[in-house]
Participant: 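My questions will all concern the structure given below.
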Amino acid sequence: EYNVFKHDEL
Amino acid sequence: MNVFRLAGDVSHLVAIIILLLKIWRSKSCAGISGKSQVLFALVFTTRYLDLFTVFISVYNTVMKVVFLALSYATVYLIYMRFRNSYNSENDTFRVEFLLVPVIGLSFLENYAFTPLEILWTFSIFLEAVAIMPQLFMITKTGEAESITTHYLFFLGLYRALYIANWVWRYHTESFYDLIAIVSGVVQTIFFCDFFYLYFTRVLRGRGKMTLP
């Protein structure tokens, strides 16, 4: 599953 | 995006700009650990490889590019432009003692055994410990200029605010990222001792922070 969390946060 | 996250990002940016301006204006990087700054540049480089793979938002892309550019500018000022002022004799933390365990751990504990995922995990673990050469340098010399302590304060504040952001996201989105949270908490703990000294010494009006 694609984890958008890690790409969203800096 | 919530208020803790935004405040965290802003204090992170403020910390980096404080450091860059301090070096630029004083034309000196005395008291600054070049090793910590190289590690932070490495953290941003390995984490923001997703600039090439996913698009989240304009805010996200701009901030990532800014963090990358500012961190490389800081490293450039320390090692190239103002290298005569760099206290390499006090910046003696053995970085390999951080890198080897962090590399090993990112291979063992990650969400997927792919190059990008391992590099992302590496960047999260490395960020947790990247400030150690700087804190070691302050302990070794026994003092830090107040502007350096303001930099560290905002850097620590950023991490503390991110923890609040994760609590918020957990309650509102039922989402959490264990690798980020554990590393973030570890990173914040490193700053606790510093926070104590910052409030008890620096903010009471002394120019420098001196250790007892």
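Please read these numbers as outputs of a predicted model, since none were measured by experiment. Note on naming: letters A, B, ... go to the chains in the order of the sequence lines (proteins, then strands), and numbering restarts at 1 for each one.
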Participant: If you compare all heavy atoms of A:L10 against all heavy atoms of B:F67, which two are closest, and at what distance to 0.1 Å?
Facilitator: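 Here A:L10 and B:F67 meet closest at CD1-CE1, 3.9 Å.
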Participant: Is there any residue in residues 4-28 of chain B with a non-hydrogen atom under 4.5 Å from a non-hydrogen atom of chain A, and which ones are they?
Facilitator: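 Residues B:R5, B:D9 are the ones that qualify, each having a heavy atom under 4.5 Å from chain A.
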Participant: Is the count of non-hydrogen atoms from other residues, nucleotides or ligands lying under 6.0 Å from B:F52 atom CZ greater than 12?
Facilitator: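 12 or below, so no.
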Participant: Only pairs of heavy atoms separated by less than 4.5 Å count here; which of B:M63, B:R169, B:K64 has the most with chain A?
Facilitator: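 The option with the most such pairs is B:R169.
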Participant: Heavy-atom count around B:F175 CZ within 6.0 Å, excluding the residue itself: above 12?
Facilitator: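 Correct, the count exceeds 12.
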Participant: Which heavy atom of B:N60 sits nearest to which heavy atom of A:D8, and what is that distance?
Facilitator: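 Looking at all heavy atoms of both residues, the shortest contact is ND2-O, 2.7 Å.
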Participant: May I ask you to say whether B:R47 pairs ionically with A:E9, meaning some side-chain N is under 4.0 Å from a carboxylate O?
Facilitator: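 No, B:R47 and A:E9 are not salt-bridged.
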Participant: Hey, which residues of residues 114-139 of chain B are touching chain A, say heavy atoms under 4.5 Å apart?
Facilitator: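 Under the 4.5 Å heavy-atom cut-off, B:E117, B:W120 qualify.
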Participant: Determine yes or no for a side-chain-to-main-chain donor-acceptor pair under 3.5 angstrom, with B:D177 supplying the side chain and A:K6 the backbone.
Facilitator: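 Flag not set: sc B:D177 to bb A:K6 has no pair under 3.5 Å.
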Participant: A quick test of your reading: do over 12 heavy atoms of other residues, nucleotides or ligands sit less than 6.0 Å from CZ of B:F199?
Facilitator: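 Yes, because the 6.0 Å sphere around CZ of B:F199 holds more than 12 heavy atoms from other groups.
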Participant: Other residues, nucleotides and ligands only: do more than 12 of their heavy atoms fall within 6.0 Å of OH on B:Y59?
Facilitator: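 Enclosed.
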Participant: Please check this pair: side chain of B:Y48 against backbone of A:H7, looking for a donor-acceptor N/O pair closer than 3.5 Å.
Facilitator: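 Answer holds: no.
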